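For reference, the structure discussed in these notes is given below.
Counting from 1, the numbers follow the sequence of the chain as shown. Fair warning: this is a prediction, and the values are worked out from it, not measured in the lab.
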Amino acid sequence: MAKNKIAQQNINLLDKIKYILSNPNYFFEQVKNEYGIKNSLITYISVSLFSVVVAISIDFTMSRNVSYFWLFYAIVVVLSFVFSFAYAGIMHLLAISLKGSGTYSDAYRAYAYSMLPFLVLLLIPFVGSISIIYSLILMMIGISKLYSLSKGNSAIVVLVPIIFILGLIVLTIIYLFWGVRRSSF
């Protein structure tokens, strides 16, 4: 009965974080009924800004010179929002091509909510770096629930964009390295 009561009301930010960490299957069943990306975007922005404020506070405490940190964090926040929309778009196209039955909003919700643990845990050295793996697993669960796809297909939807992005990074590094070596002869 408690679960039904929670399902009928909007889940607040702390409950969202609790459910995404403790019961992601239940969580994504609940957000399946959300309309659009408003709630997920507000949640993503809130947690991102919280993480940035904490990171700036830590940097200020450690160095007392945060003049360049503000610019760095501003650029990171803007790029993360642009990336969130692009990544959700790629996931949506892949999910649809695999016969998924969701919308772009579903892909964005899966991305935004799945990244919450990463955004919070990123503040903890080492743990933050590996927490991206947990967020990717959550994203697979979200895509599976929101698009009615198998776990295997949802893994494809989540991992193919990462492989593509990593491939572009490797090719860019190779090109830059090869270009530098070639021009030095």
Side-chain angles (χ1 to χ4, degrees), residues 10-52 55 73-123 128-172:
N10 279 340
I11 303 172
N12 68 36
L13 178 60
L14 293 177
D15 284 341
K16 285 179 182 180
I17 293 171
K18 179 178 87 174
Y19 286 119
I20 194 77
L21 291 171
S22 66
N23 194 348
N25 287 308
Y26 171 73
F27 175 79
F28 283 111
E29 284 295 329
Q30 299 313 304
V31 298
K32 193 173 193 173
N33 299 323
E34 286 184 2
Y35 177 76
I37 66 169
K38 179 183 173 187
N39 290 337
S40 57
L41 181 61
I42 289 171
T43 302
Y44 185 73
I45 289 171
S46 300
V47 174
S48 294
L49 291 177
F50 168 78
S51 294
V52 166
Y73 287 119
I75 290 169
V76 168
V77 167
V78 169
L79 288 177
S80 77
F81 290 127
V82 170
F83 184 78
S84 72
F85 290 108
Y87 200 90
I90 294 168
M91 286 194 315
H92 174 65
L93 292 174
L94 286 169
I96 294 299
S97 71
L98 294 171
K99 308 284 190 257
S101 61
T103 64
Y104 174 82
S105 297
D106 293 324
Y108 192 82
R109 279 193 297 276
Y111 179 87
Y113 289 135
S114 297
M115 292 304 289
L116 296 181
F118 173 71
L119 291 171
V120 172
L121 296 174
L122 187 61
L123 300 168
S129 301
I130 62 171
S131 68
I132 191 68
I133 295 168
Y134 183 63
S135 286
L136 292 174
I137 292 168
L138 290 174
M139 212 174 296
M140 290 176 205
I141 294 169
I143 291 294
S144 176
K145 291 286 183 192
L146 299 173
Y147 277 87
S148 302
L149 287 173
S150 69
K151 299 285 188 218
N153 281 345
S154 63
I156 291 169
V157 168
V158 172
L159 296 176
V160 164
I162 292 172
I163 294 167
F164 177 74
I165 291 166
L166 290 175
L168 284 176
I169 291 169
V170 168
L171 288 175
T172 302

N/O donor-acceptor pair under 3.5 Å between Ser135 side chain and Ser114 backbone: yes
Polar side-chain atom of Ser51 near backbone of Val47 as donor-acceptor pair, under 3.5 Å: yes
Distance in Å, Arg109 CZ paired with Asn39 CG, rounded so as to fall on 0.5 Å steps: 9.0 Å
Of the non-hydrogen atoms in Ile132 and Met115, which two are nearest, and what is the gap between them? CD1-CE, 3.6 Å
Sequence neighbours excluded, every pair satisfying side-chain hydrogen bond (donor to acceptor under 3.5 Å, both in side chains) that has a member inside residues 160-170: none
With sequence neighbours left out, write down each residue that passes side chain to side chain contact (heavy atoms under 4.5 Å, CB included) with Leu49, or none if nothing qualifies. Ile45
Judged by atom type as modelled, is there a donor-acceptor pair below 3.5 Å linking the side chain of Tyr111 to the main-chain atoms of Gly89? no
Walk me through whether Met139 and Val157 qualify under side-chain contact (heavy atoms from CB on, under 4.5 Å). CA-CA 9 Å; Met139 212 174 296; Val157 168; over 6 Å; no
Quick one, Phe28 with Ile143, criterion side-chain contact (heavy atoms from CB on, under 4.5 Å). Give me CA distance, side-chain angles, the key distance, then yes/no. CA-CA 9 Å; Phe28 283 111; Ile143 291 294; over 6 Å; no
Dump the intermediate steps for side-chain contact (heavy atoms from CB on, under 4.5 Å) on Leu116 and Leu138, then the final yes or no. CA-CA 10 Å; Leu116 296 181; Leu138 290 174; over 6 Å; no
Would you list the pairs meeting ring pair (Phe, Tyr, Trp, His ring centres under 6.0 Å) in which at least one residue belongs to residues 89-108, sequence neighbours left out? Phe85-Tyr108, His92-Tyr147
Does the Ser80 side chain pair with the main chain of Val77, one donor and one acceptor, at a distance under 3.5 Å? yes
Test your reading of the model: is there a side-chain donor-acceptor pair from Lys16 to the backbone of Tyr113, 3.5 Å cut-off? no
